[in-house]
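Small disclaimer: the values here were computed from a predicted structure and weren't measured.
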Amino acid sequence: MITEKDIEFLQQAIGLAKEGIGKGLGGPFGCVIVKDGRVVGQGSNRVTSSNDPTAHAEVVAIRDACDKLGDYQLTGCDLYASCEPCPMCLGAIYWARPRRVVYAATRHEAADAGFDDDLIYREINLPVGQRQIPFELQPQQEAVEVFGLWKGMQGKKLY
């Protein structure tokens with residue numbers, strides 16, 4: 001259930017999106033991460049200003065929040081995004097494991113503005129051989145052995 005506080009945090013994310021494009025940082029996306037009612041991470045898209053295709057607002061905010069919280073997971077946090085997360089951000093969100101995600105615009109609205117979100121969502125569902133970018137498997141036993149090392153490692157942190 002969406003509350004007035006949720007709307008306030010969404011407005012902050014939208015404000016970061018506006019601020020980011022106003023400063024020429026990147027695309028029109030913003031994100032805030034909240035824990036116990038306070039913002040612990042925030043970000044705006046910085047793809048073009050940092051020449052980093054992974055510098056989406058959600059990823060920037062996740063990095064900020066994890067740094068401030070001293071943890072690689074966002075347990076008990078809520079993520080507020082100005083737009084439905086793209087597939088990369090969706091993956092990052094699942095790895096970070098926040099409690100929930102609230103967003104203000106859809107990936108279809110982002111696609112209408114010229115962003116590839118919808119294309120990438122479609123590509124993910126295709127068999128590897130049908131994707132626009134070729135993916136080629138070249139099995140290497142050493143790569144499999146590294147997983148064996150990991151599986152046998154004592155005291156590892158699972159994520």
Side-chain angles (χ1 to χ4, degrees), residues 1-128 130-135 147 150 156-159:
M1 180 166 102
I2 302 295
T3 67
E4 285 187 36
K5 282 304 266 184
D6 291 328
I7 301 301
E8 288 177 29
F9 291 127
L10 273 178
Q11 289 297 319
Q12 286 183 39
I14 294 165
L16 287 168
K18 288 178 184 175
E19 182 181 322
I21 60 172
K23 291 181 177 179
L25 298 176
F29 304 96
C31 179
V32 296
I33 298 172
V34 175
K35 185 168 188 169
D36 299 325
R38 67 179 183 89
V39 175
V40 295
Q42 63 180 15
S44 59
N45 183 289
R46 296 173 183 272
V47 169
T48 56
S49 63
S50 66
N51 294 318
D52 179 356
T54 70
H56 289 201
E58 297 90 337
V59 172
V60 172
I62 288 169
R63 290 174 180 162
D64 185 36
C66 287
D67 183 54
K68 287 177 180 164
L69 295 171
D71 199 344
Y72 56 91
Q73 305 225 297
L74 298 175
T75 306
C77 293
D78 296 326
L79 185 147
Y80 297 89
S82 63
C83 185
E84 181 178 2
C86 76
M88 177 186 70
C89 293
L90 183 63
I93 288 165
Y94 271 89
W95 281 113
R97 294 177 175 83
R99 180 172 53 191
R100 70 183 179 134
V101 174
V102 181
Y103 59 94
T106 70
R107 68 182 189 231
H108 306 291
E109 292 162 322
D112 185 57
F115 293 92
D116 289 338
D117 303 44
D118 199 48
L119 165 73
I120 298 167
Y121 269 106
R122 288 192 313 270
E123 284 280 307
I124 286 172
N125 291 318
L126 292 175
V128 173
Q130 293 179 17
R131 293 182 183 162
Q132 289 183 18
I133 297 174
F135 283 71
F147 288 119
W150 173 257
K156 64 184 171 237
K157 284 186 173 183
L158 296 176
Y159 59 97

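No option in Leu69, Asp78, Leu74 other than Leu69 meets the side chain to side chain contact (heavy atoms under 4.5 Å, CB included) test with Lys35.
Distance check, rounded to the nearest 0.5 Å: CD1 of Ile14 to OG of Ser44 gives 14.0 Å. Rounded to the nearest 0.5 angstrom, Tyr159 OH and Tyr72 OH are separated by 9.0 Å. Between the OG atom of Ser82 and the CD atom of Gln12 there is a distance of 12.5 Å, given to the nearest 0.5 Å. We find the CZ-CD1 distance between Arg122 and Ile124 to be 11.5 Å, quoted to the nearest 0.5 Å. His56 NE2 to Cys31 SG: the interatomic distance, rounded to the nearest 0.5 Å, is 12.5 Å. A distance of 15.0 Å separates CZ of Phe29 from NZ of Lys18, quoted to the nearest 0.5 Å.
Both tests hold for Arg131 against Phe135: distance to the six-membered ring centre under 6.0 Å, angle to the ring axis within 45°.
Looking at Asp117 and Glu84, their side chains never come closer than 4.5 Å, going by heavy atoms from C-beta outward. Taking the side chain as every heavy atom from C-beta outward, Val32 and Leu16 approach each other to under 4.5 Å. Between Glu8 and Val34, every side-chain heavy-atom pair lies at or beyond the 4.5 Å cut-off. Inter-residue side-chain proximity for His108 and Asp118 is flagged as met; some heavy-atom pair is nearer than 4.5 Å. Residues Ile7 and Ile2 form a side-chain contact, since some pair of their non-hydrogen atoms from C-beta on lies under 4.5 Å apart. By the 4.5 Å heavy-atom criterion applied to side chains, Ile120 and Cys86 are not counted as neighbours. Using a 4.5 Å heavy-atom threshold, the side chains of Gln132 and Leu119 count as touching. Residues Gln42 and Ile33 fail the side-chain proximity criterion, which asks for heavy atoms closer than 4.5 Å.
In this structure, Arg100 and Val102 approach most closely via the heavy-atom pair NH1-CG2, 3.7 Å. When every heavy atom of Ile21 is checked against every heavy atom of Gly26, the shortest pair comes out as CG2-O, 3.2 Å. Here the closest heavy-atom approach between residue Ala13 and residue Tyr80 is recorded as CB-O, 3.6 Å. Nearest heavy atom pair, residue Glu58 against residue Cys83, reads OE2-O, 3.7 Å. The shortest non-hydrogen separation linking Gly24 to Ser49 is O-CB, 4.0 Å.
A side-chain donor-acceptor contact under 3.5 Å links Arg97 to the backbone of Trp95.
Taking 4.0 Å as the cut-off between side-chain N and carboxylate O, Asp112 and Arg107 do not count as a salt-bridged pair.
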Side chain to side chain contact (heavy atoms under 4.5 Å, CB included) between Ile62 and Leu79, intermediate numbers included: CA-CA 9 Å; Ile62 288 169; Leu79 185 147; 4.2 Å; yes

Working for side chain to side chain contact (heavy atoms under 4.5 Å, CB included), residues Cys89 and Val59: CA-CA 6 Å; Cys89 293; Val59 172; 4.0 Å; yes

Residues Val39, Phe9; criterion side chain to side chain contact (heavy atoms under 4.5 Å, CB included); working and verdict: CA-CA 8 Å; Val39 175; Phe9 291 127; 3.9 Å; yes

